[in-house]
**Q** 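Pasting a structure here, questions to come.
When reading the values below, keep in mind they use all heavy atoms of this one structure, side chains included, and skip hydrogens, waters and symmetry mates. Residue numbering restarts at 1 for every chain, and letters A, B, ... go by the order of the sequence lines.
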Amino acid sequence: MRREPSILHLDLDAFFAAVEQRDKPSLRGRPVVVGGTGGRGVVSTASYEARAFGARSAMPTAEARRLCPPGTAFLGGRFAAYRRTSEVVMALLRELSPLVEPVSIDEAYVDLAAGDHDLSVPGVTALAADLKARIAVATGGVTGSVGIGTSKAVAKIGSELDKPDGLTVVPPGEELAVLHPLPVRALGGVGPATAERLAQIGVKTIGDLHRLSLVDLTSLVGQAHGAGLYRLARADDDRPVVTDREAKSVSAEETFARDLTDPARLATEIEALAIRVGSRLQRSGTSGRTVTLKVRRYDFSTLTRSQTLAHAVDDPRQIAEIAHRLLGAVDRSGGLRLLGVGVSGLSPYAQGDLFAEPTEVVEPVEVVEPAELPADPEPGPAVVAWYPGQDVVHPDLGSGWVWGSGLNRVTVRFEGPRTTPGPVRTLAADDPDLQPADPPDWTP
DNA sequence: TCTGGGGTCCTAGGACCC
DNA sequence: TCTGGGGTCCTAGGACCC
C-alpha cells in the first residue's frame, strides 16, 4: 500500500453496448444487448437500459430475450470497432503515465506515480475528472468509471462504487472504512464458490473477513487464496502496475449449434480450431510444448486431455494430429457440445529452431499524413461529429473507419481487399457521401 | 430455445530423480 | 535391513476474471 493515491483504475461503462449506441443513434436510450445471438449464445454486455429489465453479462441470450421488452436490440458485436475505440482510450491513459496495464479491452490500471502529477486527493480528483471528459470527447460519448487509491485493489473497488460515469478517490488512511462494509464478492478473486464457503461460516462482508485468522482462512479456501484474501481484507496490496505480460497459452474453442457425433465432423472441427491456434502462434512468433483438448459433452460435463511433447509446436497439422489422438480416448457417446484446442508452455521462436528469427509481421499500410492538410480554424462548431473508431461507408471508397477527425475534416482508413488495411483518405467532415455504417445483426 | 470464449492461477497426486 | 524427504515435471480439474 502506498502513501499517496497514485493508482488509477478505469472501467468503461457497458462498453460494447456503449459503442453500438454511439455508432447507431437510434439505439440511444434503448435497451441494447451485445453477445451471442444464436440459440446457445450468452450476453457479453447489456446496456444500462437493458440491465433495468434484468439482462446481465454471462446470462443466456434466450433469457435476456424473455426479460427485455420488444424494441430491444440484440447485436452480435463488432470487435474491430471495440478494439479501435479501446485503443483511443488506452492512448489517453498513456498520456498520463508510461505505466499502463490493460486488464482487458475495457479496463486498465495506470500508475500515476510514474507520471508528473500532483498526487494530493484534490489533485488526482481533478486529473480523473479531466480524463473522463477527454475520454467522452475522444470516443464520441463512451463513459468510464474511475477509481483512485493507494493500491490496485482499492482503485478497482473505487471504480465500482459509483458506476456508471463514476469517480471515486479513496483517500489514504480511509481504505478500511471503505472496504469493510462491502460484500466479500467485491474483492477480486472472490467468486460464487468462495463467497458460498465464507457465507457458511457467517462471513458476508470484508469487515467479517478481517476478523478471520490466517489459519482459518487458508484452511477454508487454500494456501495461496487464503493468504491473498487475508491481506486484501487489510488493504494490504503491493501488486505493481505491469505494462505487458507474456502470454502463457493460446486456445480456441467452439460451442456447436447442435451437439456433434459424426467423427468426420469432429475431425473437421479439430482441424479448424488447430488452424486458429497455430496461425496465432505463428503470428506472435511463439510455439508451445503442451497441446490440450477440451471437450464439453451433451450434459455440459467438461474435461480436458493434454499431452506434453519433447519439442514445441506451432504447426496446425501437428496440433490437430495430437488433439485428434486425445479425442480418440474420450467418451463421445451422447454427442459433444463443445470442442477446444489449446497450446501452452509457450516459448519464443517456432519449432525448436534455435537460430530462427521471429517472423516479422508486416501490415501493408498506405498512409496520407493528416499533417499535410490545412489546419482547422479555431474555434467553431463542428459540422458533423466523427469519432475515432467509428465505422463508416462511402459509395466510391467502400467501407472504413474513422482514423482521426477535426472540426471540418475527417480522416478515414478504408479497408483494402480482404483484411489488408487500405489507404487513409481525408475528406470534408460534411461530405454527404460519407455516412456512418449501420451496425449489422440488428434484430428489433 | 439454458449455460460463450479467451485467458490466469492454484491444487493435488503420481512419476522420477537425487 | 529399513525408511526418508525435497524438488520438478506432468496431468486433470476447478475457481475466477472480463
Side-chain angles (χ1 to χ4, degrees), chain A residues 9-16 33-46 56-67 74 76-77 79 82-83 86 101-109 152-153 156 159-160 184-198 218-229 232 239 242 245-259 273 276-277 280 288-310 326 329-330 337-346:
Chain A
H9 181 258
L10 169 72
D11 197 341
L12 298 171
D13 302 315
F15 179 55
F16 296 173
V33 174
V34 180
T37 52
R40 290 177 164 178
V42 300
V43 174
S44 288
T45 311
R56 292 285 181 278
S57 292
M59 167 184 286
T61 303
E63 191 180 347
R65 285 189 198 273
R66 285 194 293 274
L67 292 169
F74 288 88
F79 286 89
Y82 309 151
R83 198 170 317 114
S86 173
E101 177 178 336
V103 179
S104 69
I105 195 165
D106 65 351
E107 207 186 312
Y109 291 99
K152 277 183 160 180
K156 165 118 178 148
S159 72
E160 291 290 325
V184 288
R185 278 291 258 133
L187 289 177
V190 179
T194 304
E196 176 57 31
R197 284 189 173 187
L198 291 170
T218 52
S219 67
L220 195 68
V221 302
Q223 202 63 43
H225 200 191
L229 292 183
L232 285 181
R239 291 171 298 163
V242 196
R245 279 176 297 221
E246 299 275 302
K248 307 232 158 118
S249 66
V250 172
S251 67
E253 64 186 56
E254 180 142 352
T255 296
F256 311 117
R258 297 228 195 104
D259 296 349
L273 292 166
R276 278 160 63 187
V277 171
R280 280 170 56 202
R289 286 180 54 222
T290 303
V291 176
T292 301
L293 173 79
K294 177 174 172 182
V295 170
R296 178 122 68 210
R297 284 189 273 239
Y298 68 97
D299 61 357
F300 216 77
S301 63
T302 306
L303 57 84
T304 62
R305 292 292 179 267
S306 66
Q307 185 180 350
T308 299
L309 310 165
L326 293 168
V330 312
R337 175 190 180 93
L338 168 147
L339 280 178
V341 170
V343 172
S344 56
L346 301 187

**Q** Are A:Thr255 and B:dG5 close enough that a side-chain N or O sits under 4.0 Å from OP1 or OP2?
**A** yes
**Q** For B:dG4, does OP1 or OP2 lie under 4.0 Å from any side-chain N or O of A:Arg296?
**A** yes
**Q** Of A:Arg297, A:Glu254, A:Arg40, which is the lone residue that meets side chain to side chain contact (heavy atoms under 4.5 Å, CB included) with A:Arg337?
**A**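 Considering A:Arg297, A:Glu254, A:Arg40, a side chain to side chain contact (heavy atoms under 4.5 Å, CB included) with A:Arg337 is found only for A:Arg40.
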**Q** Would you kindly compare A:Gly39 and A:Ala224 by the position of their nearest DNA chain B nucleotide and give the one closer to the 5′ end?
**A** A:Gly39
**Q** Counting any heavy atom closer than 4.0 Å, what does A:Arg289 reach on the DNA or RNA strands: base, sugar-phosphate only, or nothing?
**A** sugar-phosphate
**Q** State whether A:Arg337 places a side-chain N or O below 4.0 Å from either non-bridging phosphate oxygen (OP1 or OP2) of B:dC2.
**A**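 Result: no.
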**Q** Considering residues, nucleotides and ligands other than A:Tyr298, do more than 12 of their heavy atoms fall under 6.0 Å from its OH?
**A** no
**Q** Do any side-chain nitrogens or oxygens of A:Ser306 fall under 4.0 Å of OP1 or OP2 in C:dC10?
**A**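 No.
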**Q** If we call it a pair only when both distances are under 3.5 Å in a Watson-Crick or G-U wobble match, what pairs with B:dT11?
**A** C:dA12
**Q** Tell me what A:Ala252 touches on the nucleic acid: a base, only sugar-phosphate, or nothing, going by heavy atoms under 4.0 Å.
**A**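 Result for A:Ala252 = sugar-phosphate.
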**Q** Considering every strand shown, what is the Watson-Crick or G-U wobble mate of B:dC17 when both distances are under 3.5 Å?
**A** C:dG6
**Q** Using the P atom in both, what is the distance from B:dT1 to B:dG5, to the nearest Å?
**A** 15 Å
**Q** Tell me which nucleotide among C:dA15, C:dG13, B:dG5 gets nearest to the side chain of A:Ala193.
**A**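 So the side chain of A:Ala193 is nearest to C:dA15.
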**Q** Nearest to the A:Val42 side chain among B:dG4, C:dG13, B:dC10, which nucleotide is it?
**A**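 So the side chain of A:Val42 is nearest to B:dG4.
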**Q** Does a side-chain N or O of A:Arg185 approach OP1 or OP2 of C:dC17 to a distance below 4.0 Å, or not?
**A**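 For C:dC17, OP1 or OP2 has a side-chain N or O of A:Arg185 closer than 4.0 Å.
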**Q** Out of C:dC18, B:dG5, C:dC10, which has the shortest distance to the side chain of A:Val103?
**A**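 My answer, after comparing the listed nucleotides, is C:dC18.
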**Q** Give A:Val190 one of three labels, base, sugar-phosphate or nothing, depending on what nucleic acid heavy atoms sit under 4.0 Å from its own.
**A**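 If one applies the 4.0 Å heavy-atom cut-off, A:Val190 turns out to touch the sugar-phosphate alone, with no base involved.
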**Q** A:Arg276 near the nucleic acid: base, sugar-phosphate alone, or nothing, with a heavy-atom cut-off under 4.0 Å?
**A** sugar-phosphate
**Q** For B:dG6 and A:Ser249 - does any side-chain N or O of the residue sit under 4.0 Å from the phosphate oxygens OP1/OP2?
**A**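 For B:dG6, OP1/OP2 do not have a side-chain N/O of A:Ser249 under 4.0 Å.
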**Q** Which comes earlier along DNA chain B counting from the 5' end, the contact point of A:Arg40 or that of A:Gln223, where each point is its nearest nucleotide?
**A** A:Arg40
**Q** Counting only side-chain N and O atoms of A:Thr304, is one of them less than 4.0 Å from OP1 or OP2 of C:dA12?
**A** no
**Q** Can you identify which nucleotide, out of B:dG4, C:dC18, B:dT8, has its nearest atom closest to the A:Asp106 side chain?
**A** C:dC18
**Q** With a 4.0 Å cutoff (strictly under), does any side-chain N or O of A:Lys294 reach OP1 or OP2 of C:dT11?
**A**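 Checking C:dT11 against A:Lys294, no side-chain N or O comes under 4.0 Å of OP1 or OP2.
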**Q** Which one of A:Ile105, A:Asp106, A:Val43 satisfies the side chain to side chain contact (heavy atoms under 4.5 Å, CB included) criterion with A:Phe16?
**A**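 The passing option is A:Ile105.
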**Q** Indicate whether OP1 or OP2 belonging to C:dC16 is found under 4.0 Å from a side-chain N or O atom of A:Thr194.
**A** yes
**Q** Would you indicate which nucleotide in C:dA15, C:dC18, C:dA12 comes nearest to any side-chain atom of A:Glu107?
**A**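 Nearest to the side-chain atoms of A:Glu107, counting from C-beta on, is C:dC18.
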**Q** Does a side-chain N or O from A:Arg197 land closer than 4.0 Å to OP1 or OP2 of C:dA15, or not?
**A**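 For C:dA15, OP1/OP2 do not have a side-chain N/O of A:Arg197 under 4.0 Å.
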**Q** Say you draw a straight line from NE2 of A:His225 to OG1 of A:Thr218; how long is it, rounded to the nearest 0.5 Å?
**A** 12.0 Å
**Q** Have a look at A:Gly36 and say if it touches a base, only the backbone sugar-phosphate, or nothing, with a 4.0 Å heavy-atom cut-off.
**A** nothing
**Q** Could you check whether A:Ile105 gets within reach of a base, just the sugar-phosphate, or nothing at all, counting any heavy atom under 4.0 Å?
**A** nothing
**Q** For nucleotides C:dG4 and B:dC16, find the distance between their C1' atoms and express it as a whole number of Å.
**A** 16 Å
**Q** Under 4.0 Å between any heavy atoms, over every strand shown, what does A:Gly188 touch: base, sugar-phosphate, or nothing? Just pick one.
**A** sugar-phosphate
**Q** Students often mix this up, so state it plainly: with edges at 30° and 60°, are the rings of A:His9 and A:Tyr109 parallel, tilted or perpendicular?
**A**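 Aromatic pair A:His9/A:Tyr109 classed tilted.
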**Q** Determine the contact category for A:Leu326: base if any of its heavy atoms lies under 4.0 Å from a base atom, sugar-phosphate if only primed atoms, P, OP1 or OP2 are that close, otherwise nothing.
**A**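 Counting heavy atoms under 4.0 Å across all strands, no contact is made by A:Leu326.
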**Q** Based on the glycosidic angle (syn within 90° of 0, else anti), state the conformation of B:dC2.
**A**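 Classified syn.
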